[in-house]
Structures are given as C-alpha cells and as structure tokens.
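Order of the sequence lines fixes the chain letters, A, B, ..., with proteins taken first and strands second; residue numbering starts at 1 for each chain. Computed from heavy atoms alone, side chains included, the values below leave out hydrogens, waters and symmetry copies.
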Amino acid sequence: MGLLGKILAKFQDDWCKDCKCEMEKVRKQLFALPNMTVGHYVEHKDADYYRRNLRMVDKKADIPPGMYACGAIQYRCPECGKRVTALDPFLPVRDEEKHEGSILFEHGELDDFLWL
Amino acid sequence: MNAKPVKKINIVYLLLVIAVPIAVIALGGLIGNCFFRDGGMGAVVCFMGPTLLSVAWWILGPTSIWNQKKKQMMKQLDSQGFNRNQTFYGSNQTVAVDIRQGKVALLFFWNPFEQYILSAGRITKTWTEDGAGGAGFMRGTSRVGFLFLIDGVKVRVNTFTSNQRWRMDDPKILEAISKADMMVQVLDAAKQASRD
C-alpha cells in the first residue's frame with residue numbers, strides 16, 4: 001500500500017495526501033460559469049473567482065450552448081477529517097464534454113460555498 | 001436598417017480583383033514586346049514588374065481590404081448603438097448580432113463595400129452542420145459551421161475547417177460545434193426579439 005498509496009495520493013483527487021487513503025465523497029454539485037464562453041476559457045486558481053461566478057444548476061441541459069459548466073466535488077478524509085474541494089470546469093457539447101483539467105482547493109477555500 | 005436583399009458576392013469587385021492584375025500583366029507584356037524587343041532593363045521592368053505587383057495584390061489586396069472593412073464596420077456598429085452581443089469573425093463572413101434589438105449585421109469577403117444591418121426576423125432558418133461522415137472509428141469531420149437562410153440566401157459561416165478528417169470527440173471539433181450551436185441560439189434569440 002505504501003508506494004501505491006503515495007502514487008494514488010499524488011495523481012488522484014480523491015486520495016488524502018497526508019493519510020494516503022481514499023477520501024469519501026461528501027457533496028457533488030453542478031454549476032454554470034456564465035462569464036466563461038467557448039473559445040475564451042482562462043484557468044483561474046483563485047477561489048474567490050469561483051465564489052463570485054459559479055451559478056448552481058440542476059442538470060447539464062440547463063446550461064446554454066457555448067457556456068462553460070463546472071462540476072464540484074467535496075471530499076473528506078475519514079481518518080484526519082481534512083476536506084478537499086475539486087472543481088472540474090468543462091464545456092458541455094451535446095452528449096460530450098471538453099474538460100479543461102481539475103483544480104483542487106485543499107485549504108478549505110470553498111468548504112462553506114458548496115453548502116450554501 | 002438595410003432594405004436591400006443580401007448579396008454575398010459583388011461580381012464587379014470579384015472581377016476587378018482577378019481581372020485587373022491580369023490586364024496589367026498583359027499590358028506590361030505588350031509594352032515590353034513593342035518597345036524593348038532587344039531585352040535590357042526596360043524589358044525586365046515591363047515583364048517582371050506588373051507580374052510581381054499582381055501577385056502581391058492577389059496575396060495582400062483583398063485580405064487587407066477585408067480586414068479594414070471589418071474594423072470599419074465594427075466602429076460604425078458601435079457608433080450606431082448596435083449592441084454587439086455576439087460577433088463571429090468567419091474566414092469569408094463576419095456576423096454580429098444584437099439580441100435585444102433583434103438585428104443582424106453581415107459583411108462578406110467578396111462584397112466588402114456593402115454592410116448589411118438587417119432585422120433578424122428576415123432569417124427563416126438556422127442550423128448547425130457538423131459535417132460528420134464515416135462509420136465506426138473512421139467517423140469524423142473536416143468542416144463544422146453554422147448556417148442560416150436570410151431573404152432566401154444561404155449564409156454558411158465555418159467555425160472549423162481542415163484538410164484532414166478529425167474525430168468527432170476531438171477537443172477542436174467539440175469547441176467548433178459548441179461555437180456553432182451558440183451562434184444558432186443567439187440568432188434564434190434575435191429572431192424572436194425582432195417579433196416581440
């Protein structure tokens with residue numbers, strides 16, 4: 001488990017980097033990013049940007065064509081209790097998705113936001 | 001607003017772009033043939049000069065006119081209170097849409113001296129063409145775009161073109177389909193607004 005755990009912790013969003021164990025999914029939510037449109041995607045690492053711009057939606061079909069969506073998953077480590085929020089901005093295109101790479105917030109930057 | 005029917009190609013401009021340089025080359029050749037039969041610098045200038053100028057014109061002329069007219073059109077639209085909610089610069093057309101006022105502005109590469117600002121109500125059909133072809137793992141496309149019929153004239157604006165076939169789930173193709181779908185939705189919204 002030692003080496004495998006380290007590898008998984010490094011490359012998997014849902015593995016605790018401290019305890020090297022799999023974290024449990026606490027909450028999952030889909031958002032729209034209305035000010036991010038096709039051809040104009042810019043990656044943001046600032047949690048405040050997402051607090052200001054993410055709009056909660058129920059399903060992908062609620063997002064108009066050309067607008068970016070963002071999946072958010074909050075994980076909690078069952079051993080140390082650490083929370084991690086993973087954001088996954090993507091462009092929904094009919095039945096497909098164009099993913100731009102996930103962004104991790106490991107210091108509680110978005111912990112309360114997902115519960116609003 | 002422009003009441004004239006949409007014309008994608010101005011035949012006179014198209015002929016001028018193609019034919020005038022050919023005429024200049026022919027004239028240069030004629031002068032060279034008549035006055036510099038023995039060769040020399042005069043012959044070189046008469047034969048080579050017009051040819052080089054014509055090639056330069058064919059490469060740069062229409063493109064620079066097109067770029068200048070596009071800039072000019074955007075300035076004019078802004079000064080006329082046309083709120084450009086969405087502007088798409090295609091290789092041969094530029095389409096700007098004012099959703100709230102239900103207006104569409106068009107400019108064509110082969111008719112750059114005529115700007116069209118039209119009511120979106122004149123659009124009768126809008127659709128996306130993903131150009132998908134082939135079966136199984138060979139399924140792909142080399143051209144994606146959005147199309148609309150305005151005054152019965154079909155306008156095609158490409159969001160992606162290539163000389164190769166790309167997979168339908170390739171990020172470039174997904175982005176092109178998304179752009180086309182978005183423009184179709186914007187045109188439909190403007191069309192709806194023009195009726196309200």
Answer with yes or no whether the hydrophobic clustering places V184(B) together with V104(B); edges join I, L, V, M, F, W, Y residues whose side-chain heavy atoms lie under 4.5 Å apart. yes

Single-linkage hydrophobic cluster I65(B)~L15(B), side-chain heavy atoms < 4.5 angstrom: yes

Do you know the tightest heavy-atom contact between V93(A) and I177(B)? CG1-CG2, 3.7 Å

Would a hydrophobic clustering, with Ile, Leu, Val, Met, Phe, Trp and Tyr connected at side-chain separations under 4.5 Å, put L30(A) with L87(A)? no

Neighbour count above 12 (heavy atom, 6.0 Å) for F35(B) CZ: no

Quick one: donor-acceptor pairs between chain B and chain A, under 3.5 Å, side chains and backbone, table format.
residue	atom	partner	partner atom	Å
E175(B)	OE1	K98(A)	NZ	2.7
S178(B)	OG	G66(A)	N	3.4
D181(B)	OD1	R94(A)	NH2	2.9
D181(B)	OD2	R94(A)	NE	3.1

Is it true that V157(B) and L149(B) fall in one hydrophobic cluster, defined by side-chain heavy atoms closer than 4.5 Å? no

When you group the ILVMFWY residues by side-chain heavy-atom contacts below 4.5 Å and let the links chain together, are L91(A) and M67(A) in the same group? no

